[in-house]
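Down below is the structure, laid out as structure tokens.
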Amino acid sequence: MSDPLLANLNPQQLQAVTAGDGQILVLAGPGSGKTRVLTRRLAYLIDRMQVPAYEIVAVTFTNKAASEMENRVATLVQSDLKGIWLGTFHAMCARMLRFEAGYLPFNNNFVIFDSDDQETLVKRAMRDLKIDEKLHRPVSVHAAISAAKNDLKGPKEVTRGSYKEEVVARVYERYEQLLRLNNAVDFDDLLFWGAKLLREHEFLRDKYASRFRHVLVDEFQDTNMAQYELLTYLSSYHKNIFVVGDEDQSIYRWRGADYRNVLRFEKDFPDCQKILLEQNYRSTQVILDAARSVIDRNHNRTPKHLFSDRGAGNKIVRYDAVDDNAEAGFVVDTIAAKIGAKNSLPRDFAVMYRTNAQSRVIEEAFMHAGLPYHLVGAQRFYGRREIKDVICFLRLVENPSDEVSLQRVISVPPRGIGETSIANLRDAANNAGISIGDALLDLGRIGEASPYWAAVGRSAGKMADFGATVAGWVDQKAQISLVSLFDRILSDVGYREYIDDNTDEGVDRWENVEELRRLAEDFNERGLTEFLQNLALVSDQDTIKEEEEDRSRDNSSVTLLTLHAAKGLEYKQVFIVGLDENVLPHSRSKDDPEEMAEERRLFYVGITRAKDQLYLVRAERRRTFGEFDFSEPSRFLKDIDPSLILNEGKRASSRSSRYEQDLTWGPSYNQPAAPSKVRHISFESAPASSKAAKYKAGQRVKSEKFGEGIILESKLESDGEEIIDVHFKDYGLKHLMASLANLEILQ
DNA sequence: TCGCCAAGACTTTTT
DNA sequence: GTCTTGGCGA
């Protein structure tokens, strides 16, 4: 079939893409072409079924997924996509809430609070209620509030059984009051109010539901209750809902995601058509079999039989290291040898771990070996202090009621205004029934004539100065462009001088601000409101993942990332490290079977990222919080059929620091070097003697010099030389030329 | 009011 | 081991 819209689809994919009206549930295993199905389906509806783009809503979880989909669909259809609602759940709701603000307890220039702001506000609420922050940690109270919202429970609807629940309920109530006072919503509110709006106003529900002839959803397994309800409302008129997901890849339970929404969907729509995508285009069969043996032990799911036509492939290599240094050493050695053998590039590799803390040891090993690497997602651009500062200045201008932002920037840079003065102003503002921001502006505009002058006390003058500055921005914002406003704020407060102290970090900080300014330039036409909303909703992951993709394309370096961050990505060779009890599965998941099932899924996600080769690595002993911990192998390792695994045994424990020694005489990749400088050891080579490979992976061998070992990989070079990677019991990984290695094959 | 030091925390983090 | 937070002294 040469029809580009339907070309290159397997029968199940085709069935999904061309399915008729009604409810369609596509369960798509990893690497089964889920994105392809979704984009083709969209194109099919528009191009073949003549559905106008504005009658379609397609929701994703990330902006990146949304923009990718949009770009791909645009290349497939003739007509433009004008009017389509294609974006994240949160962006979609924000749009709806601004439009329907008349029915809501906030107005349409609300700001969106990120998790930092939310926590600040929870703390404030707890202080207001005189609740001891030591007894009830604000983070956990916040988590409980967030969970309630995701479950569509308001402050009045949460259970008040235990003392803790009582505390949560009271803080929740106050927290909501504060949000309204700040004219702000949090992430969860976007969904909460979105669902509430459609539930409580029938005509609004009809308005949207009748407009959207087709509803499409990506990553359906990650929806929470609010999102599920929202989707039901949106599809309540035409009842055409097409969802794609995979229960087995649901790894955000702790954020309210409930994979059982897949089961709920089947129950709510008994006539739904269920399509399984089981052909995997990514991994070898060995990898898929291992993945399946791990995931099949979970319940409440649709069993899937992933298959590949890529052949069995290499066995999985398991390596048990004595400690975390040796674990990192194994990873680095193996990668360096393969790169040295010129059969792999740094970008072919990824190292995945359960917790960010594990990256440190691995990074050190990479640095020591001079191997190029990069981390995904560890440093959050939007979490950076300087970025947050500037955003808060802007938010304050947009919405002077935003007390969280005001509080943050009032002493940036320090201007002699302290906690006492702020508290005085807040009290006075509260008494007058206005927001503290408005009081500040009043003070700035009329100075001593303001009723708040006396209330503030000693630093009233300084407070008024700052108020005047802010008032200047607020008065100007309608007249000047976003970028001019940006520049004006920075120069008025002397921000560059404040953060850039000419140290490396200082320069770095200023560069981040400049980066933010570049982003602002893109929004110069659209203005401040949209810029801020975009900052709140695009945040972090999208930008960082994009950067990471560019980086691994251009500079070619090994990717280090958490298992969570790995979702949706793929690499030729994957190392999963820390396969130990209490690491993976994590110790905190031990007393809850649901949590444990999620750890299993996390491992499953990791396994299925690998295209060609998977390494499972653990350490008997690792440093956590500066102390040594011993641990058992992860329970998940037992679930993989031993015939799929090449067991490496463990490194002789006599010299745990041997990697440092190895590096000085092994393959010479020990100098700090750019990727190109990672060279492999060059033997004084004799001409090739044989044309056929003598060794193959899995064979046990013995060498005079290195003792017993196991072949990891053998490759025949174009000159007929056989290059082998051998892992020796006592010497670790060696990269050798077969003709010179003088190895004896053991039975 | 600000900055420094010490005690305490410390999974994961699509929006 | 290292980052954050909060208390205290200048």
Side-chain angles (χ1 to χ4, degrees), chain A residues 59-66 87-94 112-116 118-119 123 133-134 137-140 143 146 149-150 185-192 194 218-219 221-224 226-227 249-257 324 352-361 364 376-378 380 382-383 385 410-411 413-422 458-459 462 533-545 561-568 578 582-590 595 598-599 601-603 605-606 622-628:
Chain A
V59 276
T60 61
F61 276 84
T62 66
N63 292 284
K64 197 179 142 245
T88 63
F89 274 102
H90 292 82
M92 182 182 82
C93 287
I112 299 165
F113 275 2
D114 69 20
S115 6
D116 285 342
Q118 292 167 37
E119 222 171 277
K123 280 185 192 157
E133 290 176 30
K134 291 257 157 51
R137 296 221 326 282
V139 265
S140 76
S146 173
K149 286 192 182 182
N150 288 161
V185 299
D186 64 20
F187 285 141
D188 306 314
D189 275 340
L190 292 170
L191 307 174
F192 179 90
D218 190 15
E219 305 278 16
Q221 77 283 352
D222 285 333
T223 50
N224 59 33
Q227 286 158 332
Q249 292 185 71
S250 165
I251 53 174
Y252 288 102
R253 188 186 116 89
W254 45 275
R255 293 183 86 121
D324 46 357
M352 300 173 186
Y353 34 81
R354 176 66 237 263
T355 66
N356 277 314
Q358 288 170 261
S359 74
R360 177 165 289 120
V361 181
E364 277 166 13
V376 175
R380 296 157 45 216
Y382 295 98
R385 193 191 77 197
I410 199 162
S411 290
R415 46 176 68 85
I417 300 169
E419 199 45 55
T420 333
S421 317
I422 300 170
R458 214 161 356 125
S459 44
K462 290 167 185 161
Q533 168 157 329
N534 192 65
L535 287 178
L537 294 182
V538 162
S539 284
D540 297 342
Q541 234 48 35
D542 292 308
T543 351
I544 286 162
K545 265 195 186 163
L561 74 180
T562 62
L563 288 163
H564 281 92
K567 193 172 149 197
N582 297 326
V583 179
L584 181 65
H586 195 270
S587 52
R588 294 214 184 173
S589 60
K590 291 213 147 165
E595 295 268 297
E598 178 139 319
E599 296 288 305
R601 291 192 291 270
L602 200 48
F603 183 38
V605 166
R622 71 178 64 244
R623 240 173 221 286
T624 25
F625 308 143
E627 305 240 305
F628 270 121

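Below, read A as the first sequence line, B as the second, and so on, with proteins coming before strands; counting in each chain starts at 1.
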With sugar-phosphate meaning primed atoms plus P, OP1 and OP2, does [X] contact a base, only sugar-phosphate, or nothing at under 4.0 Å between heavy atoms?
X        : result
A/Glu599 : base
A/Arg458 : nothing
A/Leu602 : nothing
A/Arg623 : nothing
A/Ser587 : nothing

*Distance between C1' atoms of C/dT5 and B/dT12 (Å, rounded)*: 23 Å
Any donor and acceptor pair, going by atom type alone, linking the side chain of [X] with main-chain N or O of [Y] inside 3.5 Å?
X        : Y        : value
A/Ser411 : A/Ile417 : yes
A/Arg354 : A/Leu563 : no
A/Gln227 : A/Asn224 : yes

Using only side-chain N and O atoms of [X], determine if any of them is under 4.0 Å from OP1 or OP2 of [N].
X        : N      : answer
A/Thr562 : B/dT13 : yes
A/Asn356 : B/dT13 : yes
A/Ser421 : B/dT1  : yes

What is the distance from [atom1] of [X] to [atom2] of [N], rounded to the nearest Å?
X        : N      : atom1 : atom2 : result
A/Ile410 : B/dC2  : CD1   : P     : 10 Å
A/Tyr353 : B/dT12 : OH    : C1'   : 12 Å
A/Ile422 : B/dT1  : CD1   : P     : 8 Å
A/Gln249 : B/dT14 : CD    : P     : 16 Å
A/Arg354 : B/dT12 : CZ    : P     : 7 Å
A/Met352 : B/dT13 : CE    : P     : 13 Å
A/His564 : B/dT13 : NE2   : C1'   : 8 Å
A/Asp188 : B/dT13 : CG    : P     : 18 Å

*Can you sort out the partners of A/Tyr353 under ring-ring contact (aromatic ring centres under 6.0 Å, His included), two or more places apart, ordered by chain and number?*
none
*With sequence neighbours left out, what residues match A/Phe89 under ring-ring contact (aromatic ring centres under 6.0 Å, His included)?*
A/Phe61
What pairs with [X] under salt bridge (Lys or Arg N to Asp or Glu O under 4.0 Å), at least two apart in sequence or on another chain?
X        : answer
A/Arg622 : A/Glu327, A/Asp580
A/Glu598 : A/Arg601
A/Asp324 : none
A/Lys462 : none

Which atoms of nucleotides 8-10 of chain B (N or O only) lie under 3.5 Å from a protein N or O atom, and what are those distances?
unit_1	atom_1	unit_2	atom_2	d
B/dC10	OP2	A/Arg137	NH2	3.4

*Stacked pair A/Trp254-B/dT12, distance under 5.5 Å, angle under 30°*: yes
*Look at the side chain of A/Ser459 and decide which nucleotide, out of B/dC2, B/dT1, B/dT12, has an atom nearest to it.*
B/dT1
*State which of B/dT14, B/dT1, B/dC2 makes the closest approach to the side chain of A/Pro414.*
B/dC2
_Whichever of A/Pro413 and A/Glu595 has its nearest DNA chain B nucleotide further upstream toward 5'_ = A/Pro413
_Quick check: on DNA chain B, is the nucleotide nearest A/Glu598 upstream (toward 5') of the one nearest A/Lys462, or the reverse? Name the residue that is more 5'._
A/Lys462
*Residues forming a side-chain contact (heavy atoms from CB on, under 4.5 Å) with A/Pro414, sequence neighbours excluded*: A/Tyr498
*Boundaries of the DNA chain C segment in contact with chain A, non-hydrogen, under 4.0 Å*: C/dG1 to C/dT2
*Could you check whether the rings of A/Phe187 and A/His90 sit parallel, tilted or perpendicular, using 30° and 60° as the cut-offs?*
perpendicular
